[in-house]
Amino acid sequence: MVLGEALPGLRVTLRANLILNVNDERILGKFLSCRAEMEVSGGCGIGFCQVPRAIDMVDIISNRVQEAYGSFRLPSVFGPGTDAQPNGGFSTYSMLKRFGEAGRRQRQLNVDNDRMVRQQSLFHIKETPIPQVQPELKPIPGLACPHCSPAESRPQLGADDRRRSAIDILRVTTHAGEQYARVHNPGKFDWGVWCPHLAQATRVRRFSYPQVAGAVLPDERVQEALDTAVKESINDKRAELGLAENDESFDEDRYYSEMLRSHERRAGKILIGMRSKISNLVLRITSWVLYKLLPCFMSGVAAHPAQVDMIKRAIEKHPDVPLIFLPLHRSHLDYIMVSFILLNNDIKCPLVAGGDNLRIPVFGSILRYDGAFFIKRKIDPLTGKKDHVYRAILHTYLQKCLTAGHNVEFFIEGGRTRTGKPCMPKSGILSVIVDAFNDKSIADALIVPVSINYEKLVDGNFVREQLGQKKIPESFASAASAIMKVLKARYGLMRIDFNEPFSLSELIKSLRKSDTAHNYTPEMRRLQHKPSSSSLFGTDVVQEEQDQRQLIDNIARHVVYDSARATSVMTTNALAFLLLNRFRDGAPLSILVEALDELRAVLNGVRDLGFTGSSEDVIRYAADLLGPGLVTKESRNGQLFVKPVVMIPNVIELSYYSNCLIPHFALESIVVTCAGLLKREAERNSSTDRHDHADEVTVGRRALLAACMEFAELLMYEFILCKPCQKLETVLENTLQELCLREILSQPEQELTEDQVMARKLAHNLECDGLDVDDDELDDYFDDQHNSTNGGGGGRLYRAVDDDVTRIHFPAETHCNRLVLESVLAPFTNTYSAVASSLHQLLDGNAMVESEFIRLCIKEISTRVELGDCKYGESISTDTVRNCLKVFEKRSYIETTNNSGVRLVSLQPPFDTMAELQTIVQQVHTFVPV
């Protein structure tokens with residue numbers, strides 16, 4: 001039985017192959033080929049094969065196995081093979097079996113160990129508590145100034161409140177739905193589930209709104225004003241008749257009685273036209289209507305619930321103190337949206353000061369019952385005489401409202417901004433509130449700055465007014481037409497931010513204690529801001545002392561600064577800013593996405609962003625919302641290309657959205673612009689024999705800060721660069737340091753010995769004491785420029801410091817960043833340069849009507865834009881021209897007089913010569929970027 005004898009050997013060989021050489025590809029291949037030949041040879045079955053064929057089959061198998069294992073040497077369990085088996089022959093079957101059993105046991109042990117490790121890790125995961133991941137605390141914009149409002153007196157926000165996000169108030173009803181059901185448990189059949197907006201309007205809290213108009217006319221202040229007005233009428237009548245003061249032919253008593261009745265009737269009409277008739281019923285109806293109409297043209301109205309909670313906590317802490325809401329004014333929709341939010345959060349709605357231009361049929365009455373009281377834009381008649389009666393009625397009405405417990409809302413800027421950036425404050429109504437606090441009519445007041453912003457302005461645009469054309473007056477027909485137009489359009493998102501309420505008494509105490517007038521450095525003498533007293537009704541209703549006016553103006557400027565910093569940045573603001581200041585010629589979508597990511601990183605933690613999501617989606621959404629009239633989209637090389645429309649009317653409208661971010665970058669732009677002009681002057685003055693080995697051009701730090709102060713003064717009516725409780729010089733130094741940290745500029749630190757440090761401190765102190773220069777020279781340096789010009793230096797607004805050792809460098813890799821920052825204020829400096837060039841129209845004693853001169857300035861700027869001398873079409877701005885004229889008037893370059901109600905502009909000596917005008921032009925043009 002040859003086959004029977006061969007089979008055990010075959011089994012041993014196969015087992016050895018499987019156990020020992022499973023990882024050897026060469027041997028395994030030999031075995032497989034051997035197995036294949038065996039299967040082919042025995043294809044008819046073992047039971048039917050002949051013995052010779054079986055012998056042949058065994059020979060084939062033996063040959064193949066010998067080829068496979070001829071060079072194989074079985075390793076010892078304890079080491080390599082020994083010399084006893086030089087040819088690598090096979091070990092016995094028992095040895096192979098023992099080796100296989102050991103491998104099997106080791107593999108089983110490894111499997112058990114792995115299973116145990118996995119089980120232990122699972123037990124560890126189950127027994128270990130899950131870590132609580134706390135989201136990053138979001139900065140809440142609009143917190144009160146810690147210097148002017150001490151922390152212990154302000155309602156604080158907890159960590160949970162700070163993590164809350166803004167919500168769409170059009171989709172949240174606090175008096176209907178799930179939130180209402182959790183608190184009040186109305187039952188299963190709550191009708192508010194099916195009619196949430198109606199339930200919201202009917203369930204809001206009712207408040208008492210007492211009418212105070214009846215107590216105004218009998219007030220002593222009004223009676224004194226009536227007496228003054230009657231006496232003025234008598235004097236005018238005597239002058240008209242040419243009678244002397246002691247002429248008894250004139251029946252003064254009878255005429256006094258007639259004039260008194262006439263002024264009393266006029267006072268009654270003024271009060272009727274002014275007073276508010278705020279009604280709970282009309283407020284609720286208006287709320288329900290807004291819930292239905294606003295979603296037709298707006299995607300949402302976002303507000304931060306934590307900010308509303310701040311107001312509620314302040315009310316709980318000061319229950320008898322009136323709230324004074326001070327919004328920045330952008331749209332006519334502002335009037336009712338603040339009241340809408342307060343009403344639906346159970347906060348007493350305020351009386352809202354509105355211009356008498358809104359006192360139109362139907363709509364004016366609705367606003368009156370919603371809380372509006374109407375005041376005139378210009379109190380005094382064209383002759384320039386003061387209207388004592390109107391001022392007294394307005395002052396008394398406001399004081400009576402505050403005393404009766406009414407909250408008050410008025411727009412601190414006076415009117416809507418036409419440029420998109422905050423305007424200088426008008427402190428008239430604020431002075432009434434401060435006066436009511438000073439005479440103890442109210443114990444205190446809580447000031448609540450409010451920031452309002454829109455992705456797209458509902459009121460349209462202000463291009464006509466910026467081009468110098470007259471404003472179209474409001475009427476019933478125009479209002480109805482505008483409403484129908486609005487309902488058919490899409491305006492995106494509206495955002496309202498309530499700043500933290502702060503105590504008026506605390507603020508006044510803090511400002512008086514700090515004595516901010518003495519905090520200014522000598523360089524800031526020229527930056528003393530003239531308080532805005534030509535507000536809605538003048539300054540005669542308050543104390544006439546200069547310190548009181550300065551105090552009121554500081555409060556107003558503080559409010560505007562805080563509101564501007566708390567204004568949320570919308571999608572259209574971000575896109576317009578990038579297009580006008582960085583990609584005026586357009587850019588591919590991918591480049592814009594990178595730029596927007598950088599902008600969001602810069603604004604993170606400093607300004608609140610009114611949008612989320614990917615930058616690509618934000619850009620597409622903002623471009624669609626602005627429309628093809630402002631932003632064009634086209635495909636270039638398979639990629640979306642976005643470009644602004646730079647035609648004059650279009651770019652002016654687009655700049656409205658961009659200007660929301662201008663105040664944020666104004667300080668950085670001032671520093672970089674001044675650094676650039678100093679660098680250019682240094683390059684011009686550098687020696688020409690340096691050739692290729694010339695050193696890097698740097699500028700002195702002290703000279704840079706001095707130039708920044710001069711530039712800031714030029715823009716004093718454009719921006720509020722710092723709080724009244726801050727020094728502008730310190731803020732500029734901090735801005736320079738921030739730019740160095742971002743490597744836009746660089747300031748290498750110098751290592752000085754102790755003696756060098758002491759010597760420089762001594763030299764600086766001596767210079768500050770005026771010991772190294774003449775007193776007249778030191779005073780002239782900080783005085784008006786016409787007193788400090790040194791002959792041929794016309795146009796230099798700063799003093800070169802020879803010992804300015806600390807140098808500012810210009811990193812080459814951030815050159816583009818500096819160009820972007822320079823372009824931020826370039827439209828304003830181009831406008832100022834054009835206005836300065838237009839002053840030659842006033843030579844030879846030629847006085848012009850102010851409106852006519854402004855039109856000439858607009859024409860000059862337009863000509864420069866058309867010729868390409870100015871690439872900024874948004875420089876055509878009536879508001880910027882007016883602000884420039886205010887600066888020139890403050891510097892005594894020009895004089896504005898009132899001649900029978902007509903404002904005339906003329907040059908003042910010694911600036912009424914061509915040589916002096918050229919000096920003014922050079923001074924202003926110095927800050928225009930090249």
Side-chain angles (χ1 to χ4, degrees), residues 167 169-187 189-215 275-294 301 303 305 307-325 327 335-354 365-373 397-398 400-410 442 445-446 448 450 496 498 501:
I167 61 174
I169 62 174
L170 298 182
R171 292 169 173 80
V172 176
T173 52
T174 56
H175 293 278
E178 295 181 0
Q179 182 177 356
Y180 179 79
R182 287 196 301 267
V183 178
H184 298 86
N185 192 18
F189 302 100
D190 179 23
W191 63 275
V193 176
W194 294 277
C195 304
H197 295 159
L198 183 60
Q200 175 73 16
T202 56
R203 291 172 177 173
V204 293
R205 182 179 174 184
R206 291 176 178 269
F207 291 94
S208 174
Y209 297 103
Q211 297 295 323
V212 300
R275 65 180 180 178
S276 171
K277 297 181 180 181
I278 186 170
S279 165
N280 278 295
L281 176 61
V282 179
L283 285 171
R284 294 169 181 231
I285 295 174
T286 304
S287 175
W288 180 81
V289 172
L290 290 177
Y291 268 120
K292 297 301 180 182
L293 289 184
L294 288 177
V301 178
Q307 295 172 354
V308 178
D309 291 343
M310 285 194 301
I311 300 176
K312 290 183 177 181
R313 295 178 188 179
I315 295 174
E316 293 176 359
K317 190 174 182 179
H318 307 277
D320 299 325
V321 174
L323 296 174
I324 311 299
F325 295 93
Y335 290 99
I336 54 178
M337 288 310 300
V338 175
S339 297
F340 174 75
I341 294 177
L342 297 178
L343 174 70
N344 288 285
N345 285 278
D346 293 333
I347 300 175
K348 191 174 184 178
C349 293
L351 303 183
V352 186
S365 299
I366 294 175
L367 291 177
R368 189 187 299 275
Y369 282 100
D370 279 330
F373 65 96
Y397 181 76
L398 277 174
K400 296 295 182 182
C401 291
L402 294 172
T403 306
H406 284 287
N407 297 331
V408 175
E409 174 189 342
F410 65 93
I442 56 175
L446 292 178
V448 187
V450 183
I496 300 182
F498 293 92

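From a predicted model like this one, the values you see are computed outputs, not experimental measurements. Excluded from the calculations below are hydrogen atoms, water molecules and symmetry mates; all remaining heavy atoms, backbone and side chain alike, are included.
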Practice item. In sequence, state the C-alpha distance, the side-chain angles, and the governing distance for Ser339 and Val352, and then conclude on side chain to side chain contact (heavy atoms under 4.5 Å, CB included). Key: CA-CA 9 Å; Ser339 297; Val352 186; 4.2 Å; yes

Review point. So, Gln200 side chain and Trp288 main chain: donor-acceptor pair closer than 3.5 Å or not?
Key: no

**Study point:** Gap between atom CZ of Phe340 and atom CG of Asp370 - 0.5 Å precision
**Key:** 11.5 Å

Check your understanding: Looking at CG of Leu323 and CD1 of Ile347, how far apart are the two atoms once the value is rounded to the nearest 0.5 Å?
Key -> 7.5 Å

Check your understanding: Does Arg206 reach the main-chain N or O of Asn280 with its side chain, forming a donor-acceptor pair under 3.5 Å?
Key -> no

Check your understanding: Would you call Asn407 and Pro322 a side-chain contact if the rule is heavy atoms closer than 4.5 Å?
Key -> yes

Check your understanding: How long is the gap from NZ on Lys400 to NE2 on His406, to the nearest 0.5 Å?
Key -> 12.5 Å

Review point. Taking the inter-plane angle between the rings of Tyr291 and His197 on a 0 to 90° scale, is it parallel (under 30°), tilted (30 to 60°) or perpendicular (over 60°)?
Key: parallel

Check your understanding: Can you tell if the side chain of Met310 reaches within under 4.5 Å of the side chain of Val448, non-hydrogen atoms only?
Key -> no

Practice item. Heavy atoms only: give me the nearest Phe325-Ile311 pair and the separation to one decimal. Key: CE2-CD1, 4.2 Å

Review point. Going through the distances and angles, do Gln307 and Ile496 end up as a side chain to side chain contact (heavy atoms under 4.5 Å, CB included)?
Key: CA-CA 10 Å; Gln307 295 172 354; Ile496 300 182; over 6 Å; no

Practice item. Find the distance between CG (Leu446) and CD1 (Ile324) and round it off to the nearest 0.5 Å. Key: 8.5 Å

Exercise for review: Mark yes when over 12 heavy atoms from residues, nucleotides or ligands other than Tyr369 sit less than 6.0 Å from its OH; otherwise mark no.
Suggested key: no

Point to revise | Member of Tyr335, Tyr397, Phe410 meeting the ring-ring contact (aromatic ring centres under 6.0 Å, His included) criterion with Phe373 | key: Tyr397

Check your understanding: Roughly how far apart are Ile366 CD1 and Thr286 OG1, rounded to 0.5 Å?
Key -> 7.0 Å

**Study point:** Exercise: identify the closest heavy-atom pair between Pro196 and Ala176
**Key:** O-CB, 3.6 Å

Revision key, fill the gap. When every non-hydrogen atom of Arg275 is compared with those of Ala213, the smallest separation belongs to CD-CB, 4.0 Å

Practice item. State whether the side chain of Arg284 and the backbone N or O of Thr202 hold a donor-acceptor pair below 3.5 Å, judged by distance alone. Key: yes

Review point. Got a donor-acceptor contact below 3.5 angstrom from the Tyr209 side chain to the Cys349 backbone?
Key: yes

Exercise for review: Any chance you could measure Ile278, atom CD1, to Cys401, atom SG, to the nearest 0.5 Å?
Suggested key: 10.0 Å

Check your understanding: If you take all heavy atoms of Glu409 and Pro350, which pair is closest and at what distance?
Key -> OE1-CG, 3.5 Å

